[in-house]
Amino acid sequence: MTALKEKLASQISPMRSRVKSLIAEHGERKLSEVSVANLYGGMRGVKSLVTETSAVDPQEGIRFRGYSIPEIRERLPRAEGGGQPLPEGLFYLLLTGEIPGADEVREITAGWRESEALPAHVKACLDALPTDTHPMTQLSAGILALQHDSIFARRYQAGMPKTDYWDPAFDDAMLLIGRLPLVAAYIYRRSYKGGDHLPPDPGLDWAANLAHMLGIENPEFRELMRLYLTIHADHEGGNVSAHATHLVGSTLADPYLSLSAGINGLAGPLHGLANQEVMRWIVNVKEKLGGGVPSKEQLTTFLWDTLNSGQVVPGYGHGVLRATDPRYIAQREFALKHLPDDENFMIVRMLFDLVPEILRQHGKAKNPWPNVDAHSGCLLVHYGLTEYDFYTVLFGVSRAIGVLSSLVWDRALGLPLERPKSVTTDWIASECAS
Ligand code: NMX
Ligand code: MLT
């Protein structure tokens, strides 16, 4: 058993007892109310899920097991000579609540990279799809093809006791996360590089190896991948990708089937797909104006055109946040350090100055500030990753770390099938009339 799995195993029994006594002592305690507006309003703010790995404060943003983004950037182990946290360290933190040392992180890198070959049937499955199939559809299909190797599914069929569920869920998470960069790079190279695939480099950490397999050998891009794959990993339990993974997992569908569901949710333009939409919006503006950095007046006109035609400004607004997303700030800091004069970054900065006031005047969005997706595209383009449709795949590879950590805890705590009660509009109307 690895040190990580041993640590996790030692935490499960005390946590089960803690939850059991909370339910026994306070089971009837009310934590949230549900209004008619909540029912029709996507349940914003209704406390109805338990997720241990992270929590989002509307003003401060994400905390991973209590640690803010500046704190994890400071405290998580880095690659030799690197300045960004390694996603391997975040995985350890999300699962255990503890900051790992370099040895623990090395063990995770080795674990993720040891079964790195992509089975032939997975390649065949992807190759059966037209190369212009959206990369997120390919990612979801690739994950489903990998499901053939699910240890959870096999052990469930063999008759595993409930108390053991977390164990193969953890093993599946390790194998699946280890293979995701291979799937992502395979999709990228078949979709955009004529199927010229690049073999993994066994000497690299997980994120740097993904950068390598994409075909971008710039050390700064490796650093960007480490940061990117860390900060996109988790955003508490109610976001669509986390919630979908958790919901499907509650049927005891294995981690592959569950993650694929989460990835399908991430592929929506109001969720992760917004990152490709942001870059598309910027390029569209540039094309219409004949290139270069638009003036503030020109950008303002385009922003109002977007709003007046009934579309959203991608990368702005949020279901929970009410301030600038700290993940946006982390990417902005990276850009200020490494690409301060980049043309697209200049436009992203101008949008930061303009959009919040315009959204306020527009008067609809509860949060006029940028979210994580407003920034990532300009960084990726800078290093040569210019295929916007691929961006959400990187988000998905990262998100797997968070949602699969949560899924392991779901199984460890024996969380049941999720099945809320639905009501009809007639029922609501008659309740309101009484
Ligand atoms: N541009 C224009 N209108 C907006 C925006 C925006 N960026 N954000 C919210 N609104 C509108 C929203 O469409 C709604 O309009 P209506 O009443 O006509 O339905 C109104 O403002 C109230 O929405 P909110 O309560 O502020 O936002 P909600 O919680 O429903 O949705 C988002 C949150 C993120 C879906 C929404 O802000 C949005 O569509 N943003 C643009 C897409 C985006 O950036 N998504 C990525 C989110 C982060 N991620 O990776 O998942
Ligand atoms: C996320 O990272 O999942 C997004 O910011 C959306 C959310 O939290 O609802």
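Keep in mind the model is a prediction, meaning the values are calculated, not measured. As a basis for the values below, the full set of heavy atoms in this structure was taken, side chains included, without hydrogen atoms, waters or symmetry mates. Atoms within a ligand are numbered from 1 in the order they appear, just like the ligands themselves.
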### Message
Less than 4.5 Å apart, side chain to side chain, heavy atoms only: is that true for R349 and R332?
### Response
yes
Starting from [atom], what is the nearest protein heavy atom, named by residue and atom, and what distance separates them?
atom                    : value
atom 27 (O) of ligand 1 : H318 O, 4.4 Å
atom 50 (O) of ligand 1 : D373 OD2, 2.5 Å
atom 10 (N) of ligand 1 : A365 CB, 3.7 Å
atom 13 (O) of ligand 1 : V312 CG1, 3.9 Å
atom 44 (O) of ligand 1 : G315 N, 2.7 Å
atom 43 (C) of ligand 1 : A274 CB, 3.5 Å
atom 22 (C) of ligand 1 : K364 O, 3.6 Å
atom 1 (C) of ligand 2  : R399 NH2, 3.4 Å
atom 51 (O) of ligand 1 : H271 ND1, 2.7 Å

Give the atoms of ligand 2, by number and element, whose distance to some non-hydrogen atom of [X] is under 4.0 Å.
X    : value
H318 : 4 (C), 5 (O), 6 (C), 7 (C), 8 (O), 9 (O)
N239 : 3 (O), 6 (C), 7 (C), 8 (O), 9 (O)
H235 : 1 (C), 2 (O), 3 (O), 4 (C), 5 (O), 7 (C), 8 (O)
R327 : 1 (C), 2 (O), 4 (C), 5 (O)

### Query
Under 4.0 angstrom from ligand 1, any heavy atom of N239?
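Not so, N239 does not reach ligand 1.
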Under 3.5 Å, is there a donor on one side chain and an acceptor on the other for [X] and [Y]?
X    : Y    : answer
S140 : S260 : yes
T386 : Y192 : no
S309 : Q311 : yes
N239 : S241 : yes
T53  : S406 : yes
H246 : D410 : yes

### Task
Report the part of H271 (side chain from C-beta onward, or backbone N, CA, C, O) that has a heavy atom under 4.0 Å from ligand 2; answer both or neither where that applies.
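Near ligand 2, H271 shows its side chain, while the N, CA, C and O stay back.
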Does [X] reach ligand 1 with a nitrogen or oxygen that is under 3.5 Å from one of the ligand's nitrogen or oxygen atoms?
X    : result
K366 : yes
V313 : yes
H362 : no
V372 : no

### Expected output: side-chain S191 to main-chain Y188 donor-acceptor under 3.5 Å
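No, S191 side chain to Y188 backbone: no donor-acceptor pair under 3.5 Å.
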#### Entry: R16 (side chain) donor-acceptor with L413 (main chain) under 3.5 angstrom
no
Under 4.0 Å from a heavy atom of [X]: give me the atoms of ligand 1 that qualify, with their elements.
X    : result
G319 : 29 (O), 33 (C)
L359 : 1 (N), 2 (C)
F395 : 50 (O)

Assess whether a salt bridge exists between [X] and [Y], defined as any Lys/Arg side-chain N lying under 4.0 Å from an Asp/Glu carboxylate O.
X    : Y   : value
E52  : R65 : no
E104 : K7  : no
D167 : K5  : yes

Do protein heavy atoms approach [atom] to less than 4.0 Å?
atom                    : value
atom 20 (C) of ligand 1 : yes
atom 46 (C) of ligand 1 : yes
atom 1 (N) of ligand 1  : yes

### Task
Can you label the angle between the H375 ring and the F345 ring as parallel, tilted or perpendicular, going by 30° and 60°?
tilted
### Query
With under 30° as parallel and over 60° as perpendicular, where do the rings of W369 and F352 fit, or are they tilted in between?
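Because their plane-to-plane angle is over 60°, the rings of W369 and F352 count as perpendicular.
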### Task
Nearest heavy atom to atom 28 (P) of ligand 1 wins, so pick from R44, H232, Q311.
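Looking at heavy atoms only, the winner is R44.
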### Message
Applying a heavy-atom cut-off of 4.0 Å, say which part of V240 lies close to ligand 1: side chain, backbone, both or neither.
### Response
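Answer for V240: neither.
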### Query
How many angstroms lie between atom OG1 of T300 and atom CG of L351, to the nearest 0.5 angstrom?
9.5 Å
### side-chain contact (heavy atoms from CB on, under 4.5 Å), paired with T392, selected from V397, D373, N275
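In the set V397, D373, N275, the residue that makes a side-chain contact (heavy atoms from CB on, under 4.5 Å) with T392 is N275.
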